[in-house]
Amino acid sequence: QVHVVESGGGLVQAGGSLKLSCASSERTISTYNAGWFRQAPGKEREFVAAISRSGSSTWYADSVKGRFTISRDNAKNTVYLQMNSLKPEDTAVYYCAAKYTIRDITATNAFDYWGQGTQVTVSS
C-alpha cells in the first residue's frame, strides 16, 4: 500500500499560479510512477500529467501542455504539479495517484493508489 496526500490547492485568479504537492510517508513514492488527475463537478475524472519513477519521462494532457509542469524530488518522497496561467476551466479537485508499472500511464483506471484530492478554484 502507498498512501499519498495532496496539498497546495486553493483559490486563485485567472492567470495566476499554484503548486500542488503529493507526498507519501509509509512507503516511498519514489519507487512508483506518478500522475495527477482532476475531476470537475459533473464531469469524469481526467488525466492531467504523469511522470516516470526516475523523472526522466513526462506526459501531459493537451489542455495543460505548456502551462503545467510535473516534477518529482525522490529524496523528499514528493511529486509536484506547477500550474501557471490558470484558467477557470482548470477548476477541479486534483488527485495524485501512483502505479508501479509504466504501462497505460495516462489511463485513469490504470493507477493503483490515490490520494483524497485537493480543491483548485480559478476565478475569472
Heavy-atom count check: over 12 atoms from other residues, nucleotides or ligands less than 6.0 Å from Lys43 NZ?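 Counting neighbours around NZ of Lys43, 12 or fewer heavy atoms of other residues, nucleotides or ligands fall under 6.0 Å, so no.
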Looking only at side chains, do Thr101 and Lys99 share a donor and an acceptor under 3.5 Å apart?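 Yes, a side-chain donor-acceptor pair sits under 3.5 Å.
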Which heavy-atom pair separates [X] from [Y] by the least distance, and what is that distance?
X      : Y     : result
Ser24  : Val4  : CB-CG1, 4.3 Å
Gly9   : Leu20 : N-CD2, 3.6 Å
Gln116 : Glu6  : N-OE1, 3.2 Å
Thr78  : Ala23 : OG1-CB, 4.0 Å
Leu18  : Leu86 : N-CD1, 3.9 Å
Thr69  : Tyr60 : CA-OH, 3.3 Å

Working to the nearest 0.5 angstrom, can you tell me the gap between [X] [atom1] and [Y] [atom2]?
X      : Y     : atom1 : atom2 : result
Arg53  : Asn74 : CZ    : CG    : 9.5 Å
Ser124 : Gln13 : OG    : CD    : 9.5 Å
Asn77  : Arg72 : CG    : CZ    : 9.0 Å
Ile29  : Asp73 : CD1   : CG    : 12.0 Å

When Ile51 is tested against each of Ile105, Asn33, Thr58 for side chain to side chain contact (heavy atoms under 4.5 Å, CB included), which residue passes?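 When Ile105, Asn33, Thr58 are each tested with Ile51, the side chain to side chain contact (heavy atoms under 4.5 Å, CB included) holds only for Thr58.
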Walk me through whether Arg38 and Ser63 qualify under side-chain contact (heavy atoms from CB on, under 4.5 Å). CA-CA 12 Å; Arg38 66 186 181 186; Ser63 59; 3.5 Å; yes
Take Phe68 and Trp36 through the side-chain contact (heavy atoms from CB on, under 4.5 Å) test and state the conclusion after the steps. CA-CA 11 Å; Phe68 291 10; Trp36 286 96; over 6 Å; no
Side-chain donor or acceptor of Arg67 paired with backbone N/O of Ser85 under 3.5 Å: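 Yes, Arg67 side chain to Ser85 backbone: donor-acceptor pair under 3.5 Å.
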Would you say Arg45's side chain and Tyr95's backbone share a donor-acceptor pair under 3.5 angstrom?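 Looks like no, no N/O pair under 3.5 Å.
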Parallel, tilted or perpendicular: which one describes the rings of Trp114 and Phe37, with boundaries at 30° and 60°?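 Aromatic pair Trp114/Phe37 classed tilted.
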Fit a plane to each ring of Tyr113 and Tyr32, take the angle between them on a 0 to 90° scale, and name the class: parallel (under 30°), tilted (30 to 60°) or perpendicular (over 60°).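 The rings of Tyr113 and Tyr32 stand perpendicular, inter-plane angle above 60°.
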Indicate if [X] and [Y] have the same hydrophobic cluster label, given that clusters are the connected sets of ILVMFWY residues with side-chain heavy-atom separations under 4.5 angstrom.
X      : Y      : result
Tyr80  : Val48  : no
Tyr100 : Phe111 : no
Phe47  : Val93  : yes
Tyr94  : Val2   : yes

Can Leu11 and Gln119 be said to form a side-chain contact (heavy atoms from CB on, under 4.5 Å), step by step? CA-CA 8 Å; Leu11 174 64; Gln119 177 71 47; over 6 Å; no
With Ser56, which residues qualify under side-chain contact (heavy atoms from CB on, under 4.5 Å), at least two apart?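 Only Ser52, Ser54 meet the side-chain contact (heavy atoms from CB on, under 4.5 Å) criterion with Ser56.
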Counting C-beta onward and ignoring hydrogens, is there a side-chain heavy-atom pair between Met83 and Asp90 closer than 4.5 Å?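 Of all side-chain heavy-atom pairs linking Asp90 with Met83, none is under 4.5 Å.
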